[in-house]
Amino acid sequence: MVKKTAEYRLNRIKSSNQFRYYISFRDGRNTLCEVEVSREVFQAIETFGKVERNQTRWNERHIEQSELSEATFHKRAMRSSEDVEQVCLRNWQNEKLKQAISSLPEPQRRRLFLYLKGYTEATIAWREGWGLSH
């Protein structure tokens, strides 16, 4: 049995009544080397190869293969991001609006909230006991 990867080759040879285990590889000078190893070392390297292969396959299945740019990430965001200046301005405007509404007399504030809830002017006038002409 011969198993080959890019870096090394595992070889199990049966001679007589027992197996002999070899690892073949090319060294730094591109010379082919073959080393006999124990069964335990052979199995450890074989197991490592399987784990590495499975991890590579998992990565291929689960990691997106396309190039992702900042624009792509931005489009995928659930809501577009705002810069700090926009957030501060919106918060400042909301605070000013709250102050202006809270400074209204109570009847005007109540009428404004009714209007914002969707009531028509006629309905608000009727609820307040006023006619439209008043």
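Values below: all heavy atoms of this structure, side chains included; hydrogens, waters and symmetry mates excluded.
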For the pair Phe42 and Tyr21, evaluate ring-ring contact (aromatic ring centres under 6.0 Å, His included) and give the outcome as yes or no after the intermediate values. CA-CA 6 Å; Phe42 183 88; Tyr21 304 95; 4.9 Å; yes
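Sorted by first then second residue, the ring pair (Phe, Tyr, Trp, His ring centres under 6.0 Å) pairs that include residues 85-125, not counting sequence neighbours, number zero.
A distance of 8.5 Å separates OG in Ser103 from CZ in Arg109, rounded to the nearest 0.5 Å. Annotation: the span from Lys117 atom NZ to Ile124 atom CD1 amounts to 11.0 Å, rounded to 0.5 Å. Note that the CD atom of Glu128 and the CD atom of Glu121 stand 13.0 Å from one another [nearest 0.5 Å]. We find the CD1-CD distance between Ile23 and Glu46 to be 10.5 Å, quoted to the nearest 0.5 Å.
In terms of the side chain to side chain donor-acceptor pair (under 3.5 Å) criterion, Glu95 has no residue partners (sequence neighbours excluded). With sequence neighbours left out, the side chain to side chain donor-acceptor pair (under 3.5 Å) criterion links Arg20 to Tyr22, Glu36. When the salt bridge (charged side-chain N to carboxylate O under 4.0 Å, His left out) test is applied to Glu106, the partners found at least two apart in sequence or on another chain are Arg110. Checked against side chain to side chain contact (heavy atoms under 4.5 Å, CB included), Thr31 has the following partners two or more places apart in sequence or in another chain: Asp27, Arg29. Residues forming a side chain to side chain contact (heavy atoms under 4.5 Å, CB included) with Val41 (at least two apart in sequence, or on another chain): Val37, Ser38, Ile45. With sequence neighbours excluded, no residue forms a side chain to side chain donor-acceptor pair (under 3.5 Å) with Gln99. In this view, Gln55 and Trp58, Asn59 satisfy the side chain to side chain contact (heavy atoms under 4.5 Å, CB included) rule, not counting sequence neighbours. For Ser15, the side chain to side chain donor-acceptor pair (under 3.5 Å) test picks out no residue, with sequence neighbours left out. Partners of Leu32 according to the side chain to side chain contact (heavy atoms under 4.5 Å, CB included) rule, which considers only residues two or more places apart in sequence or in another chain, are Ser24, Arg26.
Residue Glu85 qualifies as open at atom CD: its count of foreign heavy atoms under 6.0 Å is 12 or below.
Phe25 and Phe48 fall within the same hydrophobic cluster, where Ile, Leu, Val, Met, Phe, Trp and Tyr residues are linked whenever their side-chain heavy atoms come under 4.5 Å apart, directly or through other members. Cluster annotation: Val84 and Leu89 are assigned to distinct hydrophobic clusters (Ile/Leu/Val/Met/Phe/Trp/Tyr, side-chain heavy-atom contacts under 4.5 Å, transitive). One hydrophobic cluster, built from ILVMFWY side chains closer than 4.5 Å, holds both Val35 and Phe19.
Within the 3.5 Å criterion, the main-chain N or O of Glu40 finds no donor-acceptor partner in the side chain of Gln43.
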